[in-house]
There are 2 protein chains.
Amino acid sequence: MPSRRHVIADDLRHQISSGQLKAGERLPSEAQLATRYTVSTATLRSALALLQGEGLVEKIHGNGNFVRHPLRRITYAGGAAAPAPWTAFSAPLRMTARTTNIKAPSHLTTLLNLPPRSSLNEVLFTTHEGKTPHGLAHIYVPHGFAPATPPLPEQIAARLADLRPPLSEVQERVSARLPTLEEAETLRISPSLAVLSLTRVTTDSTGRVIEAALLVLPGDRADALFTTRFVTEERSSKK
Amino acid sequence: MPSRRHVIADDLRHQISSGQLKAGERLPSEAQLATRYTVSTATLRSALALLQGEGLVEKIHGNGNFVRHPLRRITYAGGAAAPAPWTAFSAPLRMTARTTNIKAPSHLTTLLNLPPRSSLNEVLFTTHEGKTPHGLAHIYVPHGFAPATPPLPEQIAARLADLRPPLSEVQERVSARLPTLEEAETLRISPSLAVLSLTRVTTDSTGRVIEAALLVLPGDRADALFTTRFVTEERSSKK
DNA sequence: GAGTGGTCTAGACCACGAG
DNA sequence: TCGTGGTCTAGACCACTCA
């Protein structure tokens, strides 16, 4: 039953968790490891692939295999807690933003409930903690609503708060999948490591979509938390 | 740049989406496909692995590779919508339940905020649509709260609604990861297909944990939806 | 037992990174 | 240039499913 690659993966996993292999350290070369475990390189690589999928090992082509730094887990706070993604994370993160004005492609017009070829602002966020990327967010704001020149998140957040008509509903759809090659590259994660994909649509009281955000978070170091509080006194009415 | 396995995967993917290969159909054997694409079996298998991770292909050892049936996406409705998981799904699903009384292991005592070695009821749900499993849920209820003999979900739901003191908070934590081997087996999904992992903790107004649920949903056919409505200052009428 | 996928080998050659 | 990981081959043998 226990295949060789699982035995090897278990051994390496134990070496990592026990501290024999430290974070950031480079593993012996695949050829050396293959010799040590007396397996072929293909088998050894499939063992490393398991660890890679768990986020324990990072492979760098032409350089080596490295023990990933221990993951400081970040939490995306959903629901009532967060009207904007940059305020939705538990830890302060360095982020970069780039705003561009685009013609809405079809999948966005349906999401934002806009006529085809509408003009809207796309803000691309990448959040980092140190050098390692932590998240990826595409945020779409129609109607020239976003600040064009200074892409400061605070401004958008402030405008959302003072909005008239007020925002009335936030829908957040969460799914799990493997990253696209592009996402894996920018997040510097393995293509076999699951990501958490969030689609958030904010609507005002007239039913118009104010903002849509597509977030991608690496599954090994991020999760989303939704808290719902019930009002105790009046729980008689039901829909 | 384009590796052979990606070219092959693209071709097969197109054959599936275009209908040349129909749902449920068996693909040609790996040996035949390897000959057709003039690659080795190892390369062809790595191409199939890509499709497997996308949920397009199901491998059955000793039998063949099959095109998976088109996924009817199910939605887990979180937040205020759902006090119980069996009411939280968009589509009616057949489910089986098994109740056992266990001594709480340590990871559960911290989650439920209970003293060590507490006795609690574990309910294991598996939901199906037709023959294919859709979800997996472990639900833990302390204090002999769950119905012991008839594990009918309605009874638990009813008790939760009439609870005194009333429930006051639901916390749902969502993460994305690869399934364990056991989960992959019971859900009949590939070990390389991401799953959505939900941990829900329900607390009553005294801060006591009423129920904890651990849900695992296959990422290719399930997502979770959280809706938050904001009440405006003035009294808003129900629509 | 025949045919399928699962695992593994012992190489070859290519692509990348750092000195 | 040298050592690394990335891709691929042409087999071998094992484990499973089904008739």
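The structure presented is a predicted model; accordingly, all values stated were derived computationally and were not measured.
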Exam field: side chain B/E25 to backbone B/K22, donor-acceptor pair closer than 3.5 Å: yes
Spacing between B/I60 atom CD1 and C/dG5 atom P, to the nearest angstrom: 11 Å
Stepwise side-chain hydrogen bond (donor to acceptor under 3.5 Å, both in side chains) check, B/T43 with B/S46: CA-CA 5 Å; B/T43 302; B/S46 74; 5.5 Å; no
Worked verdict on A/R177 versus B/D220 for salt bridge (charged side-chain N to carboxylate O under 4.0 Å, His left out): CA-CA 7 Å; A/R177 56 173 173 83; B/D220 66 332; over 6 Å; no
Interatomic distance, A/R4 CZ vs C/dG6 P [rounded to whole Å]: 19 Å
Spacing between B/E185 atom CD and C/dG6 atom P, to the nearest angstrom: 14 Å
A/N63 vs C/dC16: side-chain N/O to OP1/OP2 distance below 4.0 Å: no
Nucleotide nearest A/H61 (side chain, heavy atoms from C-beta), chosen from C/dC16, C/dA18, C/dG5: C/dC16
Closest listed nucleotide, where the reference is the side chain of B/E30 and the choices are C/dC8, C/dG5, D/dG6: C/dG5
Short side-chain N/O contact to D/dC8 OP1/OP2 from B/R5, under 4.0 Å: yes
Step-by-step side-chain contact (heavy atoms from CB on, under 4.5 Å) determination, A/R36 to A/T38: CA-CA 5 Å; A/R36 174 190 302 179; A/T38 61; over 6 Å; no
Side-chain donor-acceptor pair present, A/H6, A/S3, cut-off under 3.5 Å: yes
Sub-4.0 Å heavy-atom contacts from residues 31-53 of chain A onto DNA chain D, ordered by number: A/R45
Presence of B/N65 side-chain N/O under 4.0 Å of C/dG5 phosphate oxygens OP1/OP2: yes
Salt bridge present between A/R13 and A/E54 (N-O < 4.0 angstrom): yes
Nearest to side-chain heavy atoms of B/K59, which nucleotide of C/dG6, C/dG17, D/dG6: C/dG6
